[in-house]
Amino acid sequence: MSTETAQPSLVLHHLNDSRSQRILWLLEELQVPYQLKKYQRLPSQLAPPELKAIHPLGRSPVIKDGDVTLAESGAIVEYIITKYGKSKAQPPQPFARAVCNNIIAYVIDNRLKGNFAMIEQHMQKVSGGWFAGGDEPTSADYMMLFGMEAATSRLDNVPDIMKKYVERVHAMPSYQRALEKGGEYRFASKL
């Protein structure tokens, strides 16, 4: 009888100061077993060339799960939630998903500053303190956090509700484990 434990099939290729931090948080929150391969940015702030060997885009995050390789954080979040979520991390209703997906599209388009009022107004309407409402984080939270972290660490005119949201996430044990495993992350140190 072997005492060796099998390595998890899911591998996260994590680049410091990138959207892969949201994937670390998601994996920790869902308690999904995974292997972590860490990469450091070059002095130019670009990803190291080793990431191109993993995926032709040479960016992070990238996951490999058996024969599946994904390189876009939105697709990765949906894949992990669908495969490993056990009905967790889903916005509570289809309408909330549609609203969150629309808001996420604005954030990803680098229009954060111009959309603060919309984000603030939305967050004042939802119950539970999570982006799609409810008692625990959902896919919307995993997708929104990076943009909100970037905004709160770089800009002065971020609404307090956004700052408090980021602080709430940063205080979560699963997020703290993700930071510990992922290494240096400049957006977490500015709060």
Side-chain angles (χ1 to χ4, degrees), residues 7-85 88-89 100-101 103-113 115 131 137-155 162 165-166 169-170 172-191:
Q7 289 286 327
S9 65
L10 193 143
V11 179
L12 170 61
H13 295 272
H14 171 72
L15 177 66
N16 67 308
D17 295 333
S18 75
R19 288 180 173 91
S20 64
Q21 192 66 38
R22 66 175 58 148
I23 307 305
L24 274 171
W25 175 34
L26 173 62
L27 291 168
E28 289 297 322
E29 183 67 25
L30 295 179
Q31 298 179 352
V32 175
Y34 64 96
Q35 296 177 56
L36 182 63
K37 306 263 179 159
K38 291 166 56 171
Y39 303 85
Q40 292 294 312
R41 291 184 180 278
L42 301 173
S44 65
Q45 293 304 304
L46 296 175
E50 295 85 8
L51 275 171
K52 281 199 185 249
I54 307 304
H55 190 277
L57 291 177
R59 299 186 336 200
S60 178
V62 175
I63 64 163
K64 284 185 164 256
D65 192 15
D67 293 335
V68 174
T69 301
L70 292 173
E72 194 280 316
S73 64
I76 293 169
V77 166
E78 290 303 318
Y79 174 84
I80 291 171
I81 289 171
T82 300
K83 184 169 181 181
Y84 298 103
K88 288 186 75 177
C100 291
N101 286 342
I103 292 170
I104 290 166
Y106 282 106
V107 173
I108 292 173
D109 286 341
N110 295 320
R111 298 184 210 161
L112 272 175
K113 192 173 180 181
N115 288 286
F131 206 80
T138 68
S139 56
D141 296 287
Y142 301 111
M143 295 304 297
M144 289 299 294
L145 182 63
F146 182 81
M148 293 172 81
E149 285 174 322
T152 57
S153 70
R154 293 179 177 171
L155 303 172
M162 288 174 61
Y165 172 86
V166 170
V169 171
H170 286 187
M172 294 181 67
S174 59
Y175 191 83
Q176 290 297 312
R177 288 191 308 271
L179 285 175
E180 189 176 302
K181 291 179 180 182
E184 185 180 332
Y185 182 60
R186 69 177 142 177
F187 300 128
S189 62
K190 301 289 184 192
L191 298 174

Heavy-atom side-chain proximity of [X] to [Y] below 4.5 angstrom:
{"X": "V169", "Y": "D141", "result": "no"}
{"X": "P48", "Y": "Q40", "result": "no"}
{"X": "W25", "Y": "P137", "result": "yes"}
{"X": "T152", "Y": "Y165", "result": "no"}
{"X": "E29", "Y": "M172", "result": "yes"}
{"X": "L145", "Y": "R22", "result": "no"}
{"X": "L27", "Y": "L10", "result": "yes"}

**Request:** Return yes when atom CD of Q176 has more than 12 non-hydrogen atoms of other residues, nucleotides or ligands closer than 6.0 Å, and no otherwise.
**Result:** yes
**Message:** Counting only heavy atoms not in Q45 (residues, nucleotides, ligands), do more than 12 fall under 6.0 Å from its CD?
**Reply:** yes
How far apart are the closest heavy atoms of [X] and [Y], and which atoms are they?
{"X": "P61", "Y": "S20", "answer": "CB-CB, 3.3 Å"}
{"X": "L24", "Y": "G182", "answer": "CD1-CA, 3.4 Å"}
{"X": "S60", "Y": "L51", "answer": "CB-CD1, 4.1 Å"}

**Item:** Side-chain donor/acceptor of H13 to backbone N/O of V62, under 3.5 Å
**Value:** no
**Prompt:** Are any side-chain N or O atoms of R41 and backbone N or O atoms of N16, one a donor and one an acceptor, separated by less than 3.5 Å?
**Reply:** yes
Quick one: pull up [atom1] in [X] and [atom2] in [Y] and give me the separation to the nearest 0.5 Å.
{"X": "L36", "Y": "I23", "atom1": "CG", "atom2": "CD1", "value": "12.0 Å"}
{"X": "S73", "Y": "I63", "atom1": "OG", "atom2": "CD1", "value": "11.0 Å"}
{"X": "L26", "Y": "L12", "atom1": "CG", "atom2": "CG", "value": "10.0 Å"}
{"X": "M144", "Y": "S139", "atom1": "CE", "atom2": "OG", "value": "11.5 Å"}
{"X": "K64", "Y": "K37", "atom1": "NZ", "atom2": "NZ", "value": "10.0 Å"}
{"X": "Q35", "Y": "H14", "atom1": "CD", "atom2": "NE2", "value": "15.5 Å"}

**Complete:** For T82, the side chain to side chain donor-acceptor pair (under 3.5 Å) test, sequence neighbours excluded, returns none
**Message:** Using the side chain to side chain donor-acceptor pair (under 3.5 Å) criterion, which residues pair with E149? Sequence neighbours excluded.
**Reply:** H170, Y175, Y185
**Message:** Run K83 and D65 through salt bridge (Lys or Arg N to Asp or Glu O under 4.0 Å) and show every step you take.
**Reply:** CA-CA 10 Å; K83 184 169 181 181; D65 192 15; 3.0 Å; yes
**Prompt:** Is there a side chain to side chain contact (heavy atoms under 4.5 Å, CB included) between L179 and Q21 once you walk through the steps?
**Reply:** CA-CA 8 Å; L179 285 175; Q21 192 66 38; 3.4 Å; yes
**Message:** Is it true that Y34 and E28 share a donor-acceptor pair across their side chains at a distance under 3.5 Å?
**Reply:** yes
